[in-house]
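We're numbering straight along the sequence, starting at 1.
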Amino acid sequence: MVEMLPMNGGVGEMSYANNSLFQQKIISMTWFITKEAITQLYSTSFPTAIAIADLGCSSGPNTFMVVSNLIKEVEKIRQQLHKNSIEYQIFLNDLHANDFNSIFKSLPSFHENLKTDMGNGLGPCFLVGAPGSFYGRLFPGKSLHFVHSSYSLHWLSQVPEGIESNKGNIFISETSPKTVVEAYHKQFQKDFSTFLKCRAEELVGGGRMVVTSSARICEERVNKECCYAWEFLNLALNDIVSEGIVGEEKLDSFNVPIYMPSLSEVEAEVMNEGSFIIEYLQISRINWNFYNTELNDIPLKGMIDSGNNFAKCIRSVAEPLLARHFGEGIMDELFSRYREIISHHMSKENNIENINFTLSLTRK
């Protein structure tokens, strides 16, 4: 998975940088929770140096969005209270194959924008790339004050073992055997527990962590509402298999390493690991028609555009994984059919949503 899951790099038409408005809107929707967490962190300890890690940062405009806002929020409070300037240590983490080069090229403008917004009172800000999987240790013990991760933790560390019987499906489906469903759940438990354990070792006492990720609202694990994006991709793949463009055995041997937990599953793992206090845990929703502000009476043209926009968003995320297994040659055809399927469903139902959970934790 370390090699297979980076987002599409660069700034091309199908890059993550140019197709991540969906993720940006989710960051904005949940900012009030992140803002409360960083405010509480600073206001209870007034540190003179703050180390912040953003896990799963990818590349593009969203990369600096959260860390910029975190620094600005702390600076606003610091100035109001007339405290001494703060040193900031920012760690941007993603997998080794992530497009870190484009991030580093943006650093001068990042620093310039911060200085313009905050003035000369802003303390030094040191920014470091931290490549590696967040399902392992990334930082020295007790070295971080704040951890943030948005829309990354639903990716598992690997495809669950023992799911060879999930033929014709690329994820948990109504036709998936119970053993497949349980294997996905067990992999989530293992990965999320490992994630919490690693962050517990890296955070100082009283440190904060805010995580937003895909979720489901019901306890039943076979639930279309939480995985429409992958259901529709499964339909597109079955289409090209039925026409002989891809062999059936190729589809049968492919599964997406992703899991959408319920709130009770998230809470159970936090309680079992035992290092954190849950400050906030809540579901949010975002409509796929994220370019429109009004969701009623959307014309067909708007639906087609939204289908295209969402298909490009998913392609920027999933293409490296799919191309590695099926080959790059079918990507245009696959996502053309995927776009048509999405547009068709959105023309019939304009309330297709992604469900997310946001979890705010304090290190004991």
Side-chain angles (χ1 to χ4, degrees), residues 27-28 30-57 63-93 110-111 113-115 117-130 134 137-150 152-153 192 195-213 266-267 269-271 273-282 357-364:
I27 291 172
S28 298
T30 57
W31 167 245
F32 73 98
I33 303 167
T34 310
K35 177 181 175 181
E36 174 65 19
I38 194 68
T39 298
Q40 289 298 317
L41 171 72
Y42 180 70
S43 300
T44 55
S45 57
F46 301 110
T48 56
I50 296 180
I52 299 171
D54 189 34
L55 308 183
C57 67
T63 303
F64 295 109
M65 181 179 176
V66 173
V67 293
S68 285
N69 288 339
L70 287 169
I71 292 171
K72 290 174 184 177
E73 194 60 37
V74 173
E75 283 298 300
K76 184 165 49 176
I77 303 170
R78 182 191 68 78
Q79 292 173 14
Q80 289 172 351
L81 299 176
H82 305 289
K83 296 289 185 178
N84 293 331
S85 61
I86 300 169
E87 289 190 355
Y88 294 95
Q89 177 73 76
I90 307 298
F91 298 97
L92 297 178
N93 158 260
F110 165 73
H111 286 294
N113 290 337
L114 264 183
K115 186 176 180 180
D117 292 341
M118 295 290 98
N120 294 328
L122 179 69
C125 178
F126 307 102
L127 196 144
V128 179
F134 51 51
R137 284 288 301 276
L138 292 165
F139 310 103
K142 295 182 172 57
S143 63
L144 300 178
H145 297 89
F146 196 93
V147 172
H148 175 269
S149 180
S150 184
S152 297
L153 203 59
F192 193 46
F195 176 86
L196 292 170
K197 183 177 183 297
C198 291
R199 305 296 83 77
E201 294 177 9
E202 295 164 350
L203 277 162
V204 299
R208 300 294 297 257
M209 178 161 65
V210 177
V211 174
T212 297
S213 188
V266 172
E267 184 176 13
E269 293 309 312
V270 175
M271 301 302 290
E273 196 282 326
S275 300
F276 293 94
I277 299 168
I278 297 177
E279 304 289 353
Y280 188 99
L281 177 58
Q282 185 169 313
F357 76 83
T358 299
L359 173 67
S360 180
L361 301 171
T362 299
R363 178 69 169 93
K364 292 179 180 177

Practice task
Please say which of Ile33, Leu359, Val211 ends up in a side-chain contact (heavy atoms from CB on, under 4.5 Å) with Leu281.
Solution key: Leu359

Fill in the blank from the handout: Test side-chain contact (heavy atoms from CB on, under 4.5 Å), reference Thr212, set Ile27, Thr30, Thr34, output is Thr30

So, taking the atom named [atom1] in [X] and the one named [atom2] in [Y], what distance separates them when rounded to the nearest 0.5 Å?
{"X": "Phe64", "Y": "Asn113", "atom1": "CZ", "atom2": "CG", "answer": "10.0 Å"}
{"X": "Leu55", "Y": "Asn93", "atom1": "CG", "atom2": "CG", "answer": "5.0 Å"}
{"X": "Ser28", "Y": "Asn69", "atom1": "OG", "atom2": "CG", "answer": "8.0 Å"}
{"X": "Thr39", "Y": "Leu70", "atom1": "OG1", "atom2": "CG", "answer": "9.5 Å"}
{"X": "Glu36", "Y": "Leu41", "atom1": "CD", "atom2": "CG", "answer": "11.5 Å"}

Nearest heavy-atom neighbours spanning [X] and [Y]:
{"X": "Cys125", "Y": "Ile71", "answer": "SG-CD1, 3.9 Å"}
{"X": "Ser143", "Y": "Val204", "answer": "N-CG1, 4.5 Å"}
{"X": "Arg363", "Y": "Ser275", "answer": "NH1-O, 3.4 Å"}
{"X": "Leu153", "Y": "Ser213", "answer": "C-OG, 3.5 Å"}
{"X": "Phe110", "Y": "Ser68", "answer": "CE1-OG, 3.2 Å"}
{"X": "Val210", "Y": "Ala37", "answer": "CG2-CB, 3.6 Å"}

Exercise for the section: Decide side-chain contact (heavy atoms from CB on, under 4.5 Å) for Phe32 and Tyr280; before the verdict, give the C-alpha distance in whole Å, the side-chain angles of both, and the deciding distance to 0.1 Å. Expected result: CA-CA 11 Å; Phe32 73 98; Tyr280 188 99; 3.4 Å; yes

Report yes or no: does [X] contribute a side-chain atom to a donor-acceptor pair with the main-chain N or O of [Y] at less than 3.5 Å?
{"X": "Lys35", "Y": "Glu73", "value": "no"}
{"X": "Ser360", "Y": "Glu279", "value": "no"}
{"X": "Ser43", "Y": "Gln40", "value": "no"}

Exercise for the section: Evaluate whether atom CD of Glu267 has more than 12 neighbouring non-hydrogen atoms of other residues, nucleotides or ligands under 6.0 angstrom away. Expected result: no

Exercise for the section: With side-chain contact (heavy atoms from CB on, under 4.5 Å) as the test, would you mind laying out the steps for Gln282 and Thr358 before giving the verdict? Expected result: CA-CA 6 Å; Gln282 185 169 313; Thr358 299; 5.8 Å; no

Practice task
Measure up the Phe195 and Phe192 rings against each other and bin them: parallel (under 30°), tilted (30 to 60°), perpendicular (over 60°).
Solution key: parallel

Practice task
Kindly determine whether Ile38 and Arg208 satisfy side-chain contact (heavy atoms from CB on, under 4.5 Å), including the steps that lead there.
Solution key: CA-CA 7 Å; Ile38 194 68; Arg208 300 294 297 257; over 6 Å; no

Problem - Test salt bridge (charged side-chain N to carboxylate O under 4.0 Å, His left out) applied to Arg199 - qualifying residues, sequence neighbours left out - result: Glu202

Exercise for the section: Using salt bridge (charged side-chain N to carboxylate O under 4.0 Å, His left out) as the criterion, list what pairs up with Lys72, not counting sequence neighbours. Expected result: Asp117

Practice task
May I have the step-by-step check of side-chain contact (heavy atoms from CB on, under 4.5 Å) for Leu361 and Ile278, ending in yes or no?
Solution key: CA-CA 5 Å; Leu361 301 171; Ile278 297 177; 3.7 Å; yes

Side-chain donor/acceptor pairs under 3.5 Å, residues 81-91, sequence neighbours excluded:
from  : atom 1 : to     : atom 2 : distance (Å)
Tyr88 : OH     : Glu75  : OE2    : 2.6
Gln89 : NE2    : Phe126 : O      : 3.1

